[in-house]
Q: 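Here it is, the structure in full.
We number each residue from 1, following the sequence as shown.
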Amino acid sequence: MTYKAEYKPCELLCPVNMKWVDFEDGMKRLEECSPTRHCCALFTDSPSPDHKYNAGKPKFKIEDIMLDIGEKEPQLVQVGMLNRQGREFIDPHVNEFASEIGIDMCSKFVIKLR
(Lines give C-alpha, C1' and ligand atoms only; values in the text may rest on other atoms or scores of the structure.)
Protein backbone atom coordinates (compact mmCIF):
# COMPACT_ATOMS: atom_id res chain seq x y z
CA MET A 1 0.00 0.00 0.00
CA THR A 2 2.87 2.39 0.67
CA TYR A 3 3.72 2.66 -3.03
CA LYS A 4 0.38 4.42 -3.49
CA ALA A 5 1.61 7.24 -1.25
CA GLU A 6 4.09 8.19 -3.98
CA TYR A 7 1.16 9.47 -6.06
CA LYS A 8 -0.27 12.74 -4.82
CA PRO A 9 -2.83 13.50 -3.58
CA CYS A 10 -3.14 10.24 -1.67
CA GLU A 11 -5.97 9.37 0.68
CA LEU A 12 -7.20 6.40 2.71
CA LEU A 13 -10.84 5.49 3.27
CA CYS A 14 -11.77 5.30 6.96
CA PRO A 15 -13.45 1.90 7.47
CA VAL A 16 -15.53 3.20 10.37
CA ASN A 17 -16.80 6.57 9.15
CA MET A 18 -16.46 5.99 5.38
CA LYS A 19 -14.65 9.32 4.95
CA TRP A 20 -11.45 9.93 3.01
CA VAL A 21 -8.43 11.13 5.02
CA ASP A 22 -4.96 12.24 4.01
CA PHE A 23 -2.58 9.28 3.67
CA GLU A 24 0.03 10.66 6.08
CA ASP A 25 -2.58 11.43 8.76
CA GLY A 26 -4.22 8.04 8.29
CA MET A 27 -0.95 6.10 8.48
CA LYS A 28 0.08 8.01 11.60
CA ARG A 29 -3.24 7.17 13.26
CA LEU A 30 -2.94 3.49 12.24
CA GLU A 31 0.57 3.23 13.65
CA GLU A 32 -0.39 4.96 16.93
CA CYS A 33 -3.76 3.34 17.54
CA SER A 34 -3.59 0.01 15.81
CA PRO A 35 -0.06 -1.28 15.25
CA THR A 36 -1.06 -4.95 14.95
CA ARG A 37 -4.57 -5.09 13.52
CA HIS A 38 -4.26 -2.11 11.14
CA CYS A 39 -7.91 -1.21 11.56
CA CYS A 40 -9.26 1.79 13.46
CA ALA A 41 -11.20 4.97 12.90
CA LEU A 42 -9.00 7.17 10.72
CA PHE A 43 -11.45 10.05 10.65
CA THR A 44 -12.91 11.94 13.59
CA ASP A 45 -15.19 14.97 13.51
CA SER A 46 -12.98 16.80 15.99
CA PRO A 47 -9.42 15.51 15.99
CA SER A 48 -7.59 15.97 19.26
CA PRO A 49 -4.51 18.18 19.21
CA ASP A 50 -2.19 15.27 20.00
CA HIS A 51 -3.93 12.99 17.46
CA LYS A 52 -4.65 10.32 20.05
CA TYR A 53 -7.59 8.12 19.10
CA ASN A 54 -8.25 7.19 22.73
CA ALA A 55 -9.24 10.76 23.58
CA GLY A 56 -12.94 9.86 23.32
CA LYS A 57 -14.52 6.64 24.46
CA PRO A 58 -16.41 4.65 21.83
CA LYS A 59 -20.17 4.50 22.21
CA PHE A 60 -20.31 0.85 21.24
CA LYS A 61 -20.03 -1.69 24.08
CA ILE A 62 -19.07 -5.37 24.21
CA GLU A 63 -22.63 -6.11 25.33
CA ASP A 64 -23.88 -4.81 21.98
CA ILE A 65 -21.94 -7.31 19.84
CA MET A 66 -24.30 -9.51 17.83
CA LEU A 67 -24.08 -13.31 17.95
CA ASP A 68 -25.77 -15.80 15.63
CA ILE A 69 -26.68 -18.80 17.78
CA GLY A 70 -28.99 -20.50 15.27
CA GLU A 71 -28.18 -23.86 13.75
CA LYS A 72 -29.99 -23.77 10.40
CA GLU A 73 -31.75 -20.41 10.53
CA PRO A 74 -30.05 -17.28 11.88
CA GLN A 75 -30.99 -16.48 15.45
CA LEU A 76 -29.42 -13.19 16.49
CA VAL A 77 -28.82 -12.17 20.10
CA GLN A 78 -26.64 -9.55 21.72
CA VAL A 79 -23.90 -10.55 24.16
CA GLY A 80 -25.68 -8.52 26.85
CA MET A 81 -28.77 -10.77 26.51
CA LEU A 82 -26.89 -13.89 27.66
CA ASN A 83 -27.26 -15.27 31.19
CA ARG A 84 -24.32 -15.55 33.58
CA GLN A 85 -23.26 -18.98 32.32
CA GLY A 86 -23.44 -17.87 28.72
CA ARG A 87 -21.38 -14.78 29.49
CA GLU A 88 -18.74 -16.84 31.31
CA PHE A 89 -18.38 -19.01 28.21
CA ILE A 90 -18.57 -16.36 25.49
CA ASP A 91 -16.88 -13.31 27.08
CA PRO A 92 -13.27 -14.51 26.57
CA HIS A 93 -13.97 -15.18 22.89
CA VAL A 94 -15.80 -11.91 22.32
CA ASN A 95 -13.09 -9.93 24.14
CA GLU A 96 -10.42 -11.55 21.98
CA PHE A 97 -12.44 -10.73 18.85
CA ALA A 98 -12.90 -7.09 19.97
CA SER A 99 -9.21 -6.71 20.81
CA GLU A 100 -8.24 -8.00 17.36
CA ILE A 101 -10.57 -5.90 15.23
CA GLY A 102 -11.23 -3.07 17.69
CA ILE A 103 -14.39 -2.04 19.48
CA ASP A 104 -14.93 0.63 16.80
CA MET A 105 -15.42 -2.11 14.16
CA CYS A 106 -17.46 -4.59 16.24
CA SER A 107 -20.78 -3.07 15.24
CA LYS A 108 -20.08 -4.14 11.63
CA PHE A 109 -19.94 -7.88 12.42
CA VAL A 110 -22.16 -10.75 13.57
CA ILE A 111 -20.26 -13.61 15.22
CA LYS A 112 -21.49 -17.04 14.12
CA LEU A 113 -21.25 -19.61 16.93
CA ARG A 114 -20.81 -23.26 16.01
Side-chain angles (χ1 to χ4, degrees):
M1 173 174 67
T2 54
Y3 76 91
K4 292 181 179 182
E6 295 175 11
Y7 301 96
K8 303 291 182 191
C10 185
E11 297 179 316
L12 295 172
L13 181 63
C14 175
V16 176
N17 299 303
M18 302 311 263
K19 304 270 185 184
W20 291 98
V21 297
D22 179 69
F23 179 83
E24 297 298 326
D25 294 339
M27 285 302 296
K28 182 176 179 182
R29 183 162 290 238
L30 276 174
E31 290 168 359
E32 289 176 356
C33 303
S34 183
T36 57
R37 63 186 167 94
H38 299 297
C39 189
C40 65
L42 302 176
F43 174 84
T44 58
D45 289 331
S46 56
S48 60
D50 60 355
H51 297 288
K52 296 288 184 189
Y53 175 65
N54 296 331
K57 295 184 179 179
K59 296 176 184 174
F60 193 79
K61 300 176 187 165
I62 294 290
E63 290 78 16
D64 296 333
I65 293 177
M66 296 298 294
L67 306 171
D68 180 358
I69 60 172
E71 289 186 34
K72 294 181 181 177
E73 296 292 320
Q75 184 177 352
L76 302 178
V77 297
Q78 290 180 315
V79 170
M81 297 169 66
L82 299 175
N83 63 21
R84 183 181 54 80
Q85 290 174 323
R87 288 298 298 265
E88 286 174 1
F89 174 77
I90 203 70
D91 276 2
H93 304 290
V94 170
N95 285 324
E96 179 184 1
F97 174 76
S99 69
E100 287 293 320
I101 69 157
I103 195 70
D104 50 333
M105 292 294 291
C106 285
S107 64
K108 311 276 189 220
F109 293 91
V110 173
I111 301 172
K112 173 68 174 165
L113 302 179
R114 295 182 182 198

Q: Going by heavy atoms in the side chains, are Leu113 and Ile90 under 4.5 Å from each other?
A: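 Result yes, sub-4.5 Å side-chain heavy-atom pair found.
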Q: Looking at residues at least two apart in the chain, or sitting in another chain, which of them share a side chain to side chain contact (heavy atoms under 4.5 Å, CB included) with Gln78?
A: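 Only Asp64, Met66, Met81 meet the side chain to side chain contact (heavy atoms under 4.5 Å, CB included) criterion with Gln78.
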Q: Can you tell me how far CG of Asn95 sits from CD1 of Ile62, rounded to the nearest 0.5 angstrom?
A: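 The distance works out to 5.0 Å.
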Q: To check you understand the geometry: which heavy-atom pair defines the closest contact between Leu67 and Val110, and what is its length?
A: C-CG1, 4.1 Å
Q: Tell me the ring-ring contact (aromatic ring centres under 6.0 Å, His included) pairs involving residues 95-114, sequence neighbours left out?
A: Phe97-Phe109
Q: Quick one: salt bridge (charged side-chain N to carboxylate O under 4.0 Å, His left out) pairs with a partner in residues 68-82, sequence neighbours left out?
A: Asp68-Lys112
Q: For residues 76-87, pull every pair meeting salt bridge (charged side-chain N to carboxylate O under 4.0 Å, His left out), keeping only residues two or more places apart or in separate chains.
A: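 Applying salt bridge (charged side-chain N to carboxylate O under 4.0 Å, His left out) to every pair that reaches into residues 76-87, excluding sequence neighbours, yields Glu63-Arg87, Arg84-Glu88, Arg87-Asp91.
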